[in-house]
Amino acid sequence: MTDNILIKVENLNKNFGDLHVLKNINETVSTGEVVAIIGPSGSGKSTFLRCLNLMEKPDSGKVFFEGVDITNPKINIDLHRRKIGMVFQHFNVFPHLKVIENITITPMLELKVPKAKAEEDAMELLKTVGLADKAYEYPRKLSGGQKQRLAIVRALAMHPDVMLFDEPTSALDPEMVKDVLDVIKLLVDHGMTCVIVTHEMGFAKQVADRVLFMDEGIIQEQGTPKELFENPQNPRTIEFLSKVLY
Amino acid sequence: MGGPSIFKVWQQYYPLFLSGLWSTLKLAFVAVLFGSLLGAFISMLTLSKNKIINSIGVVYVTIFRGTPILVQLYIFYYFLPMAFPIMNSLSKTTVVLLALIMNSSSYVSEIVRGGILAVDKGQTEAARSLGMSSKNCMRKIVLPQAIKSIVPSLGNEYIMMVKETSLASTLALNELMFVKTILANKFLIWQPLFIIAAIYLIVTLVLTYMVNLVEKRLSVSD
């Protein structure tokens, strides 16, 4: 692991009404690192992830991305989000655009990539995830797993420095899960920095450099997958793992 | 119900009815066209997070949707020219159109607002997470999806407006319903009413059919 810090979170707090979802979180993610976040529903793990690209606005605290405080209202958040890919539980592919247009639209609009170049890049990405033959279909023709693979390459087309995954396989049919995890694995093998909120413990174990266990808005425990899964210290971690590991 | 048959009256006066219908369609079209442009603008006000801008939009919509169109027509026609003498220079058609446009815009603004809000929030989140600006996100992602529910509703608004322009006959504006008044001078009372009703019915049926066609066409990518 390098000391090259990509994301730094300082004293992060988030409330939804009376609910204190994130309680003064401090954390860093280094370049090239793969961090898995696990924890029960409502533990704040998705909210934490969504604060990293300001999809969710923190109530207090700071988020530094590549050294810039992106919670500062004076910065143009769009410029930084282009470097932070995000993949959602429900895919959120654009249904009115063809598969290839889903990928090319943002590079063309925001990075002024010429159409031919954007399409060439998009086809390359589609090939790597086995969707090249679907390029000119509308997303309604895709299965859940295919939609999620499309969502992943759509984010990659912006050449992000980090990818955030928000329960990327939770809405999938069981037999689609592996295809999507394979794509994420491929990214990891290529050295992409990833932060993955997941319920796939086996996957977290396999790909993560570090696993964070969150509960009640706090990172209760963290360590290498080996440490956390095989020798958890925090009673909450022990209880959670005893319920999810079969 | 004495006098000549409906058929006879139609045979003798059909150019009158048809020119009345033409005026009605034009009136409704212009009202909904400009009503849509104004309505799209008003919807931006009601969607605004700025409280003052938002309340201006909400008050506008509430007033025009909450009062009968006939009352609005009378106020525009009789009262506003008194309050603003400059309006005296406007033709009767223009004044009626102004009232219809403002009325229509209040309904259209709600149609547009509803269409935009009906687009899944995940679409905006995905676009913004990619670094798309809020303007491009609205233009390229949200509006093209919202339009699918907006356009058929605009068609229905046009159908409503075709019927509502009949109220302008009370101000002696020449449109389909006013043919009744013209023919009443020739002691034809009931026949024109049935002819007028039949014409409105046929027109709304045809327009409804066309709206359904457009709706089908727009749902291609669903």
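Source: prediction; values computed, not measured. FYI, side chains are in, hydrogens and waters are out, and symmetry mates aren't considered; it's all heavy atoms of this structure.
Look at A:Arg210 and A:Glu33 and you find a salt bridge, because one of the NZ, NE, NH1 or NH2 atoms lies within 4.0 Å of a carboxylate O, short of that distance. Of the charged side-chain nitrogens involved, at least one lies within less than 4.0 Å of a carboxylate oxygen, so that B:Glu110 and B:Arg113 count as a salt-bridged pair.
By number of non-hydrogen pairs under 4.5 angstrom with chain A, the leading residue of B:Gly122, B:Ser129, B:Ser134 is B:Ser129. Considering only heavy-atom pairs separated by less than 4.5 Å from chain B, the leading option among A:Asn76, A:Leu54, A:Asp78 is A:Asp78.
Using modelled atom types, one finds a donor on one side chain and an acceptor on the other under 3.5 Å when comparing A:Glu110 with B:Asn136.
With a 4.5 Å cut-off on non-hydrogen atoms, A:Val87 does not touch chain B at all. Heavy atoms closer than 4.5 Å to chain B are found in both the backbone and the side chain of A:Met86. Heavy-atom distances place the side chain of A:Arg50, and not its backbone, under 4.5 Å from chain B. Proximity to chain B is limited to the side chain of A:Phe88, based on heavy atoms less than 4.5 angstrom apart.
For NZ of A:Lys14, the number of neighbouring non-hydrogen atoms (other residues, nucleotides, ligands) closer than 6.0 Å is greater than 12.
Because its NZ or CZ atom is not both nearer than 6.0 Å to the ring centre of A:Phe65 and within 45° of the ring axis, A:Arg81 does not count as a cation-pi partner of that residue.
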